[in-house]
Visitor: 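I have a structure here, written as C-alpha coordinates, and I will follow up with some questions on it.
Note that these values count all heavy atoms, side chains included, but never hydrogens, waters or copies made by symmetry. The shown structure was predicted, so the numbers you read here are calculated from the model rather than taken from an experiment. Labels below follow one simple rule: chain letters A, B, ... track the order of the sequence lines, proteins then strands, and each chain is numbered from 1.
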Protein chains: 2
Amino acid sequence: MRISELSRRSGVPGATIKFYLREGLLPPGRATAATQAEYSEVHLRRLRLIRALIGVRGLTVNATREVLTAVSEHEGDLHQVLGLVLGARPVNREEEPQGGLGSSEVNALVEQMGWQVSAHAPARRVIAETLESLRSLGADYSWRTLLPYAELARQTAVLDLDQLEDTDDSVEQAERALLLTVLLEPALLALRRMAQENESAARHGD
Amino acid sequence: MRISELSRRSGVPGATIKFYLREGLLPPGRATAATQAEYSEVHLRRLRLIRALIGVRGLTVNATREVLTAVSEHEGDLHQVLGLVLGARPVNREEEPQGGLGSSEVNALVEQMGWQVSAHAPARRVIAETLESLRSLGADYSWRTLLPYAELARQTAVLDLDQLEDTDDSVEQAERALLLTVLLEPALLALRRMAQENESAARHGD
DNA sequence: TATATTAGACAGTACGGGTATCCAGTTGCC
DNA sequence: GGCAACTGGATACCCGTACTGTCTAATATA
(Lines give C-alpha, C1' and ligand atoms only; values in the text may rest on other atoms or scores of the structure.)
Protein backbone atom coordinates (compact mmCIF):
# COMPACT_ATOMS: atom_id res chain seq x y z
CA MET A 1 0.00 0.00 0.00
CA ARG A 2 1.37 3.44 -0.91
CA ILE A 3 0.67 6.65 0.89
CA SER A 4 -2.27 7.65 -1.28
CA GLU A 5 -4.08 4.43 -0.52
CA LEU A 6 -3.29 4.79 3.17
CA SER A 7 -4.79 8.25 2.95
CA ARG A 8 -7.88 7.07 1.11
CA ARG A 9 -8.56 4.15 3.44
CA SER A 10 -8.01 6.15 6.62
CA GLY A 11 -9.60 9.39 5.54
CA VAL A 12 -6.52 11.26 6.72
CA PRO A 13 -5.01 13.76 4.23
CA GLY A 14 -1.70 12.68 2.72
CA ALA A 15 0.04 15.80 3.96
CA THR A 16 -1.05 14.98 7.48
CA ILE A 17 0.24 11.42 7.21
CA LYS A 18 3.58 12.83 6.15
CA PHE A 19 3.42 15.13 9.15
CA TYR A 20 2.87 12.17 11.48
CA LEU A 21 5.77 10.34 9.84
CA ARG A 22 7.96 13.39 10.38
CA GLU A 23 6.88 13.62 13.98
CA GLY A 24 7.59 9.98 14.61
CA LEU A 25 4.01 9.03 15.44
CA LEU A 26 3.82 6.68 12.52
CA PRO A 27 6.77 4.36 11.78
CA PRO A 28 8.22 4.78 8.27
CA GLY A 29 7.09 2.37 5.59
CA ARG A 30 9.35 -0.28 4.10
CA ALA A 31 11.33 1.63 1.47
CA THR A 32 11.37 -0.11 -1.93
CA ALA A 33 13.18 2.72 -3.72
CA ALA A 34 14.34 6.26 -3.16
CA THR A 35 10.86 7.67 -3.64
CA GLN A 36 8.75 4.67 -2.89
CA ALA A 37 7.66 3.04 0.35
CA GLU A 38 5.27 0.29 1.24
CA TYR A 39 2.78 0.66 4.09
CA SER A 40 0.96 -2.19 5.77
CA GLU A 41 -2.26 -2.82 7.65
CA VAL A 42 -0.32 -2.12 10.81
CA HIS A 43 0.24 1.42 9.61
CA LEU A 44 -3.44 1.84 8.89
CA ARG A 45 -4.33 0.59 12.35
CA ARG A 46 -1.76 2.80 13.99
CA LEU A 47 -2.97 5.78 12.00
CA ARG A 48 -6.54 5.29 13.21
CA LEU A 49 -5.26 4.99 16.76
CA ILE A 50 -3.33 8.25 16.41
CA ARG A 51 -6.39 10.04 15.09
CA ALA A 52 -8.45 8.74 17.97
CA LEU A 53 -5.92 9.83 20.56
CA ILE A 54 -5.50 13.29 19.05
CA GLY A 55 -9.04 13.85 17.85
CA VAL A 56 -11.39 12.10 20.26
CA ARG A 57 -9.25 12.45 23.31
CA GLY A 58 -7.41 15.77 23.21
CA LEU A 59 -3.83 14.47 23.41
CA THR A 60 -1.07 16.61 21.94
CA VAL A 61 1.23 15.21 19.29
CA ASN A 62 4.03 14.94 21.85
CA ALA A 63 1.90 13.11 24.38
CA THR A 64 0.66 10.77 21.68
CA ARG A 65 4.18 9.93 20.59
CA GLU A 66 5.29 9.25 24.14
CA VAL A 67 2.36 6.97 24.80
CA LEU A 68 2.74 5.06 21.55
CA THR A 69 6.47 4.48 21.88
CA ALA A 70 6.09 3.49 25.52
CA VAL A 71 3.43 0.96 24.63
CA SER A 72 5.33 -0.57 21.74
CA GLU A 73 8.53 -0.80 23.73
CA HIS A 74 7.00 -2.59 26.67
CA GLU A 75 4.32 -4.69 25.07
CA GLY A 76 4.12 -7.89 27.02
CA ASP A 77 4.20 -6.48 30.50
CA LEU A 78 0.68 -5.22 30.89
CA HIS A 79 1.27 -3.73 34.28
CA GLN A 80 4.21 -1.75 32.97
CA VAL A 81 2.31 -0.58 29.91
CA LEU A 82 -0.50 0.61 32.12
CA GLY A 83 1.96 2.49 34.27
CA LEU A 84 3.42 4.24 31.26
CA VAL A 85 0.08 5.05 29.77
CA LEU A 86 -1.16 6.42 33.06
CA GLY A 87 1.78 8.79 33.13
CA ALA A 88 0.47 10.64 30.10
CA ARG A 89 -0.99 14.04 30.86
CA PRO A 90 -3.76 15.36 28.63
CA VAL A 91 -2.70 18.99 28.86
CA ASN A 92 1.04 19.09 29.35
CA ARG A 93 2.10 21.90 31.58
CA GLU A 94 5.64 22.41 32.73
CA GLU A 95 6.80 20.05 35.45
CA GLU A 96 7.19 21.97 38.65
CA PRO A 97 9.05 20.33 41.52
CA GLN A 98 5.73 19.85 43.37
CA GLY A 99 5.47 20.07 47.08
CA GLY A 100 2.34 22.14 47.40
CA LEU A 101 0.06 22.04 50.39
CA GLY A 102 -2.41 19.76 48.63
CA SER A 103 -0.04 16.86 48.19
CA SER A 104 -0.24 15.80 51.81
CA GLU A 105 -3.98 15.68 51.37
CA VAL A 106 -3.53 13.35 48.44
CA ASN A 107 -1.33 11.15 50.61
CA ALA A 108 -4.09 10.98 53.18
CA LEU A 109 -6.61 10.03 50.54
CA VAL A 110 -4.41 7.33 49.03
CA GLU A 111 -3.64 5.94 52.45
CA GLN A 112 -7.26 5.91 53.52
CA MET A 113 -8.18 3.98 50.38
CA GLY A 114 -5.32 1.59 50.99
CA TRP A 115 -4.06 2.21 47.49
CA GLN A 116 -0.67 1.32 46.17
CA VAL A 117 0.23 4.22 43.91
CA SER A 118 3.70 5.38 42.91
CA ALA A 119 4.87 8.57 44.54
CA HIS A 120 5.52 10.35 41.26
CA ALA A 121 2.21 9.53 39.57
CA PRO A 122 1.03 12.63 37.70
CA ALA A 123 -2.48 11.91 38.92
CA ARG A 124 -1.36 12.98 42.39
CA ARG A 125 -0.49 16.42 41.07
CA VAL A 126 -3.79 16.77 39.31
CA ILE A 127 -5.73 16.06 42.46
CA ALA A 128 -3.55 18.33 44.58
CA GLU A 129 -3.97 21.13 42.06
CA THR A 130 -7.70 20.68 41.92
CA LEU A 131 -8.02 20.73 45.69
CA GLU A 132 -5.92 23.88 45.87
CA SER A 133 -7.97 25.56 43.15
CA LEU A 134 -11.22 24.67 44.82
CA ARG A 135 -10.05 26.05 48.10
CA SER A 136 -8.68 29.24 46.59
CA LEU A 137 -12.19 29.72 45.25
CA GLY A 138 -13.65 29.50 48.69
CA ALA A 139 -15.11 26.02 48.56
CA ASP A 140 -14.14 24.03 51.62
CA TYR A 141 -13.11 20.89 49.83
CA SER A 142 -10.77 18.45 51.44
CA TRP A 143 -9.60 14.97 50.66
CA ARG A 144 -12.52 13.66 52.68
CA THR A 145 -14.93 15.14 50.16
CA LEU A 146 -13.20 13.09 47.50
CA LEU A 147 -13.39 9.82 49.41
CA PRO A 148 -16.74 8.65 48.04
CA TYR A 149 -15.57 9.60 44.56
CA ALA A 150 -12.44 7.56 45.11
CA GLU A 151 -14.54 4.54 46.00
CA LEU A 152 -16.49 4.91 42.75
CA ALA A 153 -13.21 5.32 40.89
CA ARG A 154 -12.06 2.07 42.43
CA GLN A 155 -15.11 0.27 41.13
CA THR A 156 -14.55 1.81 37.72
CA ALA A 157 -10.98 0.57 37.70
CA VAL A 158 -12.18 -2.93 38.52
CA LEU A 159 -14.42 -2.80 35.47
CA ASP A 160 -11.48 -1.56 33.42
CA LEU A 161 -9.10 -4.26 34.50
CA ASP A 162 -11.73 -6.96 34.04
CA GLN A 163 -11.85 -6.13 30.37
CA LEU A 164 -8.13 -6.64 30.01
CA GLU A 165 -8.22 -10.11 31.50
CA ASP A 166 -9.84 -11.93 28.61
CA THR A 167 -7.10 -11.35 26.08
CA ASP A 168 -3.88 -13.26 25.67
CA ASP A 169 -2.32 -11.47 22.73
CA SER A 170 0.10 -9.01 24.30
CA VAL A 171 -0.10 -6.48 21.50
CA GLU A 172 -3.86 -6.62 21.59
CA GLN A 173 -3.77 -6.22 25.33
CA ALA A 174 -1.45 -3.24 25.23
CA GLU A 175 -3.62 -1.49 22.70
CA ARG A 176 -6.74 -2.28 24.65
CA ALA A 177 -5.15 -0.84 27.75
CA LEU A 178 -4.61 2.34 25.81
CA LEU A 179 -8.17 2.47 24.63
CA LEU A 180 -9.54 1.84 28.09
CA THR A 181 -7.40 4.23 30.01
CA VAL A 182 -7.10 7.05 27.56
CA LEU A 183 -9.82 6.89 24.95
CA LEU A 184 -12.65 6.05 27.30
CA GLU A 185 -12.10 9.11 29.44
CA PRO A 186 -14.22 11.57 27.48
CA ALA A 187 -17.02 9.02 27.34
CA LEU A 188 -16.96 8.51 31.10
CA LEU A 189 -17.19 12.25 31.66
CA ALA A 190 -20.03 12.42 29.18
CA LEU A 191 -21.85 9.68 31.07
CA ARG A 192 -21.45 11.68 34.26
CA ARG A 193 -22.87 14.78 32.63
CA MET A 194 -25.89 12.97 31.34
CA ALA A 195 -26.39 11.40 34.74
CA GLN A 196 -26.17 14.84 36.32
CA GLU A 197 -28.75 16.22 33.96
CA ASN A 198 -31.02 13.33 34.71
CA GLU A 199 -30.52 13.59 38.45
CA SER A 200 -31.10 17.32 38.36
CA ALA A 201 -34.32 16.83 36.41
CA ALA A 202 -35.46 14.17 38.84
CA ARG A 203 -34.82 16.35 41.88
CA HIS A 204 -36.02 19.72 40.68
CA GLY A 205 -38.84 18.51 38.53
CA ASP A 206 -39.25 19.62 34.97
CA MET B 1 -8.89 48.33 43.85
CA ARG B 2 -7.06 49.21 40.66
CA ILE B 3 -5.72 46.79 38.12
CA SER B 4 -2.26 46.52 39.63
CA GLU B 5 -3.65 45.45 42.97
CA LEU B 6 -5.98 43.00 41.26
CA SER B 7 -2.93 41.61 39.51
CA ARG B 8 -0.89 41.38 42.70
CA ARG B 9 -3.63 39.71 44.73
CA SER B 10 -4.56 37.21 42.02
CA GLY B 11 -1.09 36.48 40.73
CA VAL B 12 -2.32 37.07 37.18
CA PRO B 13 -0.19 39.45 35.04
CA GLY B 14 -1.80 42.80 34.39
CA ALA B 15 -1.57 42.34 30.64
CA THR B 16 -3.48 39.10 30.96
CA ILE B 17 -6.19 40.74 33.03
CA LYS B 18 -6.58 43.33 30.28
CA PHE B 19 -6.82 40.48 27.80
CA TYR B 20 -9.64 38.89 29.80
CA LEU B 21 -11.40 42.24 29.96
CA ARG B 22 -11.09 42.60 26.20
CA GLU B 23 -12.40 39.09 25.68
CA GLY B 24 -15.35 39.70 27.92
CA LEU B 25 -14.43 37.06 30.49
CA LEU B 26 -14.07 39.66 33.21
CA PRO B 27 -16.68 42.43 33.49
CA PRO B 28 -15.20 45.95 33.25
CA GLY B 29 -14.51 47.81 36.47
CA ARG B 30 -16.50 50.81 37.57
CA ALA B 31 -14.93 53.68 35.63
CA THR B 32 -14.05 56.64 37.82
CA ALA B 33 -12.31 58.60 35.08
CA ALA B 34 -11.13 58.16 31.53
CA THR B 35 -8.07 56.22 32.58
CA GLN B 36 -9.19 54.93 35.93
CA ALA B 37 -11.42 52.06 36.94
CA GLU B 38 -12.28 50.48 40.25
CA TYR B 39 -12.35 46.70 40.67
CA SER B 40 -14.04 44.82 43.48
CA GLU B 41 -13.72 41.54 45.34
CA VAL B 42 -16.18 40.11 42.84
CA HIS B 43 -13.64 40.74 40.11
CA LEU B 44 -10.96 39.00 42.10
CA ARG B 45 -13.20 36.01 42.68
CA ARG B 46 -14.23 35.87 39.06
CA LEU B 47 -10.60 36.13 37.98
CA ARG B 48 -9.64 33.14 40.09
CA LEU B 49 -12.53 31.19 38.65
CA ILE B 50 -11.41 32.03 35.12
CA ARG B 51 -7.88 30.89 35.86
CA ALA B 52 -9.19 27.64 37.29
CA LEU B 53 -11.40 26.95 34.29
CA ILE B 54 -8.66 27.74 31.77
CA GLY B 55 -5.67 26.46 33.71
CA VAL B 56 -6.82 23.49 35.78
CA ARG B 57 -9.51 22.33 33.46
CA GLY B 58 -8.46 22.89 29.85
CA LEU B 59 -11.32 25.15 28.74
CA THR B 60 -10.68 27.55 25.89
CA VAL B 61 -11.28 31.25 26.34
CA ASN B 62 -14.43 31.00 24.24
CA ALA B 63 -15.84 28.08 26.20
CA THR B 64 -15.05 29.86 29.44
CA ARG B 65 -16.89 32.98 28.36
CA GLU B 66 -19.94 31.00 27.29
CA VAL B 67 -20.09 29.15 30.56
CA LEU B 68 -19.63 32.26 32.68
CA THR B 69 -22.22 34.35 30.89
CA ALA B 70 -24.68 31.49 30.91
CA VAL B 71 -24.25 31.04 34.63
CA SER B 72 -24.58 34.71 35.49
CA GLU B 73 -27.63 35.13 33.28
CA HIS B 74 -29.56 32.28 34.81
CA GLU B 75 -28.42 32.30 38.39
CA GLY B 76 -31.35 31.26 40.50
CA ASP B 77 -32.56 28.34 38.47
CA LEU B 78 -30.06 25.67 39.41
CA HIS B 79 -31.44 23.10 37.03
CA GLN B 80 -31.12 25.52 34.15
CA VAL B 81 -27.62 26.55 35.14
CA LEU B 82 -26.61 22.94 35.28
CA GLY B 83 -28.06 22.38 31.85
CA LEU B 84 -26.08 25.30 30.45
CA VAL B 85 -22.88 24.28 32.14
CA LEU B 86 -23.26 20.73 30.95
CA GLY B 87 -23.47 22.01 27.41
CA ALA B 88 -19.89 23.23 27.52
CA ARG B 89 -17.45 21.14 25.54
CA PRO B 90 -13.81 20.97 26.64
CA VAL B 91 -12.43 20.81 23.12
CA ASN B 92 -14.76 22.71 20.83
CA ARG B 93 -15.00 21.12 17.45
CA GLU B 94 -17.35 22.31 14.78
CA GLU B 95 -20.94 21.24 15.23
CA GLU B 96 -21.75 18.66 12.62
CA PRO B 97 -25.38 17.78 12.03
CA GLN B 98 -24.84 14.43 13.79
CA GLY B 99 -26.72 11.34 12.84
CA GLY B 100 -23.91 8.83 12.93
CA LEU B 101 -24.42 5.15 13.55
CA GLY B 102 -23.41 5.45 17.16
CA SER B 103 -26.21 7.78 18.18
CA SER B 104 -28.85 5.04 18.16
CA GLU B 105 -26.59 3.14 20.52
CA VAL B 106 -26.56 6.11 22.85
CA ASN B 107 -30.34 6.18 22.72
CA ALA B 108 -30.41 2.54 23.75
CA LEU B 109 -28.08 3.23 26.64
CA VAL B 110 -30.05 6.21 27.85
CA GLU B 111 -33.30 4.30 27.59
CA GLN B 112 -31.93 1.30 29.41
CA MET B 113 -30.77 3.54 32.25
CA GLY B 114 -34.14 5.23 32.30
CA TRP B 115 -32.45 8.58 32.01
CA GLN B 116 -34.08 11.82 31.10
CA VAL B 117 -31.52 13.58 28.93
CA SER B 118 -32.17 16.23 26.31
CA ALA B 119 -31.81 15.08 22.73
CA HIS B 120 -29.21 17.69 21.86
CA ALA B 121 -26.93 17.15 24.83
CA PRO B 122 -23.32 17.33 23.61
CA ALA B 123 -22.52 14.38 25.86
CA ARG B 124 -24.50 12.17 23.47
CA ARG B 125 -22.15 13.10 20.66
CA VAL B 126 -19.10 12.39 22.75
CA ILE B 127 -20.27 8.90 23.58
CA ALA B 128 -21.32 8.17 20.02
CA GLU B 129 -17.95 9.35 18.74
CA THR B 130 -16.09 7.28 21.28
CA LEU B 131 -18.06 4.16 20.41
CA GLU B 132 -17.42 4.71 16.73
CA SER B 133 -13.71 5.29 17.32
CA LEU B 134 -13.42 2.18 19.44
CA ARG B 135 -15.13 0.09 16.82
CA SER B 136 -13.09 1.51 13.97
CA LEU B 137 -10.11 0.33 15.96
CA GLY B 138 -11.42 -3.19 16.07
CA ALA B 139 -12.62 -3.33 19.65
CA ASP B 140 -16.12 -4.76 19.83
CA TYR B 141 -17.55 -2.16 22.14
CA SER B 142 -21.23 -1.55 22.26
CA TRP B 143 -23.53 0.42 24.51
CA ARG B 144 -23.87 -2.67 26.66
CA THR B 145 -20.21 -2.46 27.56
CA LEU B 146 -20.85 1.02 28.86
CA LEU B 147 -23.82 0.04 31.00
CA PRO B 148 -21.89 -0.72 34.19
CA TYR B 149 -19.96 2.49 33.71
CA ALA B 150 -23.23 4.36 33.33
CA GLU B 151 -24.41 2.95 36.64
CA LEU B 152 -21.25 4.23 38.33
CA ALA B 153 -21.72 7.58 36.61
CA ARG B 154 -25.23 7.69 38.06
CA GLN B 155 -23.88 7.18 41.56
CA THR B 156 -21.29 9.88 40.94
CA ALA B 157 -24.01 12.29 39.85
CA VAL B 158 -25.94 11.56 43.04
CA LEU B 159 -22.86 12.56 45.02
CA ASP B 160 -22.55 15.69 42.91
CA LEU B 161 -26.12 16.81 43.35
CA ASP B 162 -26.03 16.07 47.07
CA GLN B 163 -23.36 18.69 47.44
CA LEU B 164 -25.52 21.30 45.80
CA GLU B 165 -28.42 20.72 48.15
CA ASP B 166 -26.98 22.34 51.25
CA THR B 167 -26.70 25.86 49.90
CA ASP B 168 -29.41 28.45 49.61
CA ASP B 169 -27.52 31.33 48.10
CA SER B 170 -28.25 31.10 44.39
CA VAL B 171 -25.03 32.70 43.27
CA GLU B 172 -23.07 30.41 45.53
CA GLN B 173 -25.02 27.46 44.18
CA ALA B 174 -24.43 28.40 40.56
CA GLU B 175 -20.73 28.73 41.14
CA ARG B 176 -20.59 25.49 43.06
CA ALA B 177 -22.37 23.76 40.20
CA LEU B 178 -19.64 25.02 37.93
CA LEU B 179 -16.92 23.75 40.19
CA LEU B 180 -18.53 20.36 40.57
CA THR B 181 -19.35 19.70 36.97
CA VAL B 182 -16.42 21.28 35.26
CA LEU B 183 -13.52 21.70 37.64
CA LEU B 184 -13.80 18.34 39.32
CA GLU B 185 -13.48 16.43 36.06
CA PRO B 186 -9.69 16.21 35.88
CA ALA B 187 -9.61 15.10 39.51
CA LEU B 188 -12.10 12.31 38.87
CA LEU B 189 -10.05 11.05 35.96
CA ALA B 190 -6.96 11.23 38.12
CA LEU B 191 -8.69 9.16 40.79
CA ARG B 192 -9.54 6.56 38.18
CA ARG B 193 -5.95 6.39 37.01
CA MET B 194 -4.63 5.90 40.49
CA ALA B 195 -7.26 3.24 41.10
CA GLN B 196 -6.22 1.53 37.88
CA GLU B 197 -2.60 1.54 38.91
CA ASN B 198 -3.52 0.11 42.28
CA GLU B 199 -5.80 -2.53 40.79
CA SER B 200 -3.19 -3.51 38.25
CA ALA B 201 -0.58 -3.85 40.99
CA ALA B 202 -2.96 -5.95 43.07
CA ARG B 203 -3.74 -8.33 40.22
CA HIS B 204 -0.35 -8.73 38.60
CA GLY B 205 1.76 -8.59 41.69
CA ASP B 206 4.70 -6.28 41.92
C1' DT C 1 5.05 70.54 38.82
C1' DA C 2 7.44 66.17 38.44
C1' DT C 3 6.87 61.30 38.59
C1' DA C 4 4.42 57.17 38.53
C1' DT C 5 0.18 54.70 37.29
C1' DT C 6 -3.57 53.64 34.69
C1' DA C 7 -7.13 52.14 30.95
C1' DG C 8 -7.47 50.89 26.67
C1' DA C 9 -5.93 49.94 21.92
C1' DC C 10 -3.06 47.47 18.92
C1' DA C 11 0.78 44.92 17.30
C1' DG C 12 3.76 41.17 18.21
C1' DT C 13 5.07 36.54 20.06
C1' DA C 14 5.23 31.46 20.85
C1' DC C 15 3.41 27.27 20.07
C1' DG C 16 0.52 23.57 18.21
C1' DG C 17 -1.29 21.25 14.38
C1' DG C 18 -1.43 20.96 10.36
C1' DT C 19 -1.10 22.52 4.58
C1' DA C 20 1.07 23.72 0.31
C1' DT C 21 4.77 23.66 -2.66
C1' DC C 22 8.63 21.86 -4.74
C1' DC C 23 11.62 18.40 -6.53
C1' DA C 24 14.09 14.41 -7.86
C1' DG C 25 13.07 9.59 -8.38
C1' DT C 26 9.86 5.92 -9.94
C1' DT C 27 6.03 3.56 -12.13
C1' DG C 28 2.62 2.21 -15.55
C1' DC C 29 1.50 2.16 -20.15
C1' DC C 30 1.72 2.73 -25.00
C1' DG D 1 12.04 4.30 -24.70
C1' DG D 2 9.20 8.15 -23.72
C1' DC D 3 5.93 10.55 -20.94
C1' DA D 4 2.27 11.53 -17.76
C1' DA D 5 1.05 10.47 -13.14
C1' DC D 6 2.44 9.45 -8.81
C1' DT D 7 5.67 9.12 -4.67
C1' DG D 8 8.63 10.28 -0.55
C1' DG D 9 10.92 13.74 1.67
C1' DA D 10 12.17 18.41 2.83
C1' DT D 11 10.97 23.15 3.47
C1' DA D 12 8.10 26.94 3.88
C1' DC D 13 3.99 28.58 5.02
C1' DC D 14 -0.69 29.20 7.42
C1' DC D 15 -4.17 29.54 11.02
C1' DG D 16 -5.96 29.61 15.67
C1' DT D 17 -5.13 30.24 20.62
C1' DA D 18 -3.44 32.53 24.54
C1' DC D 19 -1.03 35.69 25.83
C1' DT D 20 2.65 39.77 26.16
C1' DG D 21 4.79 44.32 25.04
C1' DT D 22 4.45 48.87 23.64
C1' DC D 23 2.26 53.12 23.19
C1' DT D 24 -0.71 57.09 24.43
C1' DA D 25 -3.42 60.23 26.76
C1' DA D 26 -5.39 60.86 31.12
C1' DT D 27 -5.01 60.74 35.97
C1' DA D 28 -3.13 60.20 40.71
C1' DT D 29 0.38 61.24 44.02
C1' DA D 30 4.14 63.65 46.32
Side-chain angles (χ1 to χ4, degrees), chain A residues 1-40 43 47 49-68 88-95, chain B residues 1-40 43 47 49-68 88-95:
Chain A
M1 182 183 349
R2 293 179 296 266
I3 203 173
S4 62
E5 189 178 350
L6 191 59
S7 168
R8 196 173 37 73
R9 287 184 56 189
S10 64
V12 178
T16 304
I17 295 178
K18 291 181 179 180
F19 170 67
Y20 292 153
L21 286 166
R22 258 198 325 278
E23 292 293 321
L25 299 193
L26 201 58
R30 185 176 52 86
T32 61
T35 66
Q36 224 69 21
E38 185 71 15
Y39 301 95
S40 67
H43 287 92
L47 188 51
L49 184 57
I50 292 169
R51 284 258 112 174
L53 291 176
I54 292 180
V56 178
R57 185 67 210 292
L59 288 195
T60 65
V61 168
N62 277 343
T64 306
R65 178 179 39 243
E66 283 168 22
V67 166
L68 288 176
R89 294 275 315 265
V91 176
N92 266 344
R93 69 187 71 264
E94 62 283 357
E95 310 256 350
Chain B
M1 179 183 351
R2 294 178 297 272
I3 202 172
S4 60
E5 190 178 349
L6 191 59
S7 168
R8 194 175 38 75
R9 287 183 56 190
S10 64
V12 178
T16 304
I17 295 178
K18 290 180 178 180
F19 169 68
Y20 292 153
L21 286 166
R22 260 197 324 278
E23 292 292 320
L25 299 193
L26 200 59
R30 184 176 53 86
T32 61
T35 66
Q36 224 69 22
E38 184 71 15
Y39 301 95
S40 68
H43 287 92
L47 187 51
L49 183 57
I50 292 169
R51 283 259 113 173
L53 291 177
I54 291 180
V56 178
R57 184 70 209 290
L59 288 194
T60 66
V61 168
N62 277 343
T64 305
R65 178 177 41 243
E66 284 168 21
V67 166
L68 288 175
R89 293 274 316 265
V91 177
N92 267 345
R93 72 186 70 265
E94 62 282 358
E95 311 256 350

Visitor: Take atom OH of B:Tyr20 and atom C1' of D:dC19, then tell me their distance rounded to the nearest Å.
Guide: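 It is 8 Å, rounded to the nearest whole Å.
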Visitor: Under 4.0 angstrom, heavy atoms only, what part of the nucleic acid is B:Pro28 near: base, sugar-phosphate, or nothing?
Guide: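 No contact at all - B:Pro28 keeps every heavy atom at 4.0 Å or more from the nucleic acid.
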Visitor: Could you state the NE2-C1' distance from A:His43 to D:dG8, rounded to the nearest angstrom?
Guide: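 Rounded to the whole Å, the gap is 13 Å.
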Visitor: For residues 3-19 of chain A, which side-chain N or O atoms pair as donor and acceptor with protein atoms under 3.5 Å away, sequence neighbours left out?
Guide:
from: A:Ser7; atom 1: OG; to: A:Val12; atom 2: O; distance (Å): 2.8
from: A:Arg9; atom 1: NH1; to: A:Glu41; atom 2: OE2; distance (Å): 3.1
from: A:Arg9; atom 1: NH2; to: A:Glu41; atom 2: OE1; distance (Å): 3.2
from: A:Arg9; atom 1: NH2; to: A:Glu41; atom 2: OE2; distance (Å): 3.3
from: A:Ser10; atom 1: OG; to: A:Leu6; atom 2: O; distance (Å): 2.7
from: A:Ser10; atom 1: OG; to: A:Ser7; atom 2: O; distance (Å): 3.4
from: A:Ser10; atom 1: OG; to: A:Val12; atom 2: N; distance (Å): 3.2

Visitor: Tell me what B:Ala15 touches on the nucleic acid: a base, only sugar-phosphate, or nothing, going by heavy atoms under 4.0 Å.
Guide: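 Base contact.
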Visitor: Measuring to OP1 and OP2 of D:dC19, would you say a side-chain N or O of B:Arg51 lies under 4.0 angstrom away?
Guide: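 B:Arg51 to D:dC19 OP1/OP2: side-chain N or O found under 4.0 Å.
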Visitor: To the nearest Å, how far apart are A:Phe19 CZ and D:dC14 P?
Guide: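 So the CZ-P distance, A:Phe19 to D:dC14, works out to 17 Å.
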Visitor: By nearest heavy atom, map B:Pro13 and B:Ala33 onto DNA chain D; which one lands nearer the 5' end?
Guide: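 The residue whose closest nucleotide sits nearer the 5' end is B:Pro13.
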Visitor: Could you state the atom-to-atom distance from CD1 of B:Ile17 to C1' of D:dT20 in whole Å?
Guide: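 Going from CD1 in B:Ile17 over to C1' in D:dT20 covers 13 Å.
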Visitor: Looking at every heavy atom in both A:Val61 and A:Leu25, which two are closest together, and how far apart are they?
Guide: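 That would be O-CD2, 3.5 Å.
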Visitor: Using side-chain heavy atoms (C-beta onward) and a distance below 4.5 Å, is B:Thr64 in contact with B:Tyr20?
Guide: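 Answer no - side chains too far apart.
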Visitor: If you assign B:Thr35 and A:Lys18 each to the DNA chain C nucleotide with the nearest heavy atom, which residue ends up on the more 5' nucleotide?
Guide: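 Looking at DNA chain C, the more 5' nearest nucleotide goes with B:Thr35.
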Visitor: Are A:Arg30 and A:Thr32 packed together at the side-chain level, in the sense that at least one heavy-atom pair is separated by less than 4.5 angstrom?
Guide: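 Yes, close enough: below the 4.5 Å cut-off.
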Visitor: Distance check needed: D:dT7 C1' versus A:Arg8 CZ, whole Å only.
Guide: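 Whole-Å distance recorded here is 15 Å.
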Visitor: Mind calculating the distance between CG (B:Leu26) and P (D:dA18) to the nearest angstrom?
Guide: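 Nearest whole value for this atom pair: 16 Å.
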Visitor: Heavy atoms under 4.0 Å, any strand shown: does A:Arg30 hit a base, just sugar-phosphate, or nothing?
Guide: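 Counting heavy atoms under 4.0 Å across all strands, no contact is made by A:Arg30.
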Visitor: Looking only at side-chain atoms of A:Arg22, point me to the closest of D:dA18, D:dG21, D:dT11.
Guide: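 Nearest to the side chain of A:Arg22 among the choices is D:dT11.
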Visitor: If you walk 5' to 3' along DNA chain C, what is the first nucleotide with an atom under 4.0 Å of a heavy atom in chain B, and what is the last?
Guide: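 The protein-touched segment is C:dT6 to C:dC10.
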Visitor: Whole angstroms only, please: what is the CD-C1' distance between A:Gln36 and D:dA5?
Guide: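 A:Gln36 atom CD is separated from D:dA5 atom C1' by 11 Å.
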Visitor: Let me know the distance between CG of A:Leu21 and C1' of D:dT11, rounded to the nearest Å.
Guide: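 Going from A:Leu21 (CG) to D:dT11 (C1'), I get 16 Å.
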Visitor: Using the side-chain heavy atoms of A:Ser4, tell me which of these nucleotides is nearest: D:dT11, D:dT7, D:dC19.
Guide: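 The closest nucleotide is D:dT7.
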Visitor: Hey, is the main chain of A:Met1 close enough, under 3.5 Å, to the side chain of A:Glu38 for a donor-acceptor pair?
Guide: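 It does hold such a pair.
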Visitor: Main chain of A:Pro27, side chain of A:His43: is a donor-acceptor contact present, judged purely on distance under 3.5 Å?
Guide: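 Between the backbone of A:Pro27 and the side chain of A:His43 there is a qualifying donor-acceptor contact (under 3.5 Å).
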Visitor: Search all heavy atoms of B:Tyr39 against all heavy atoms of B:Arg2 and return the closest pair with its distance.
Guide: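 Closest heavy-atom pair between B:Tyr39 and B:Arg2: CD1-C, 3.9 Å.
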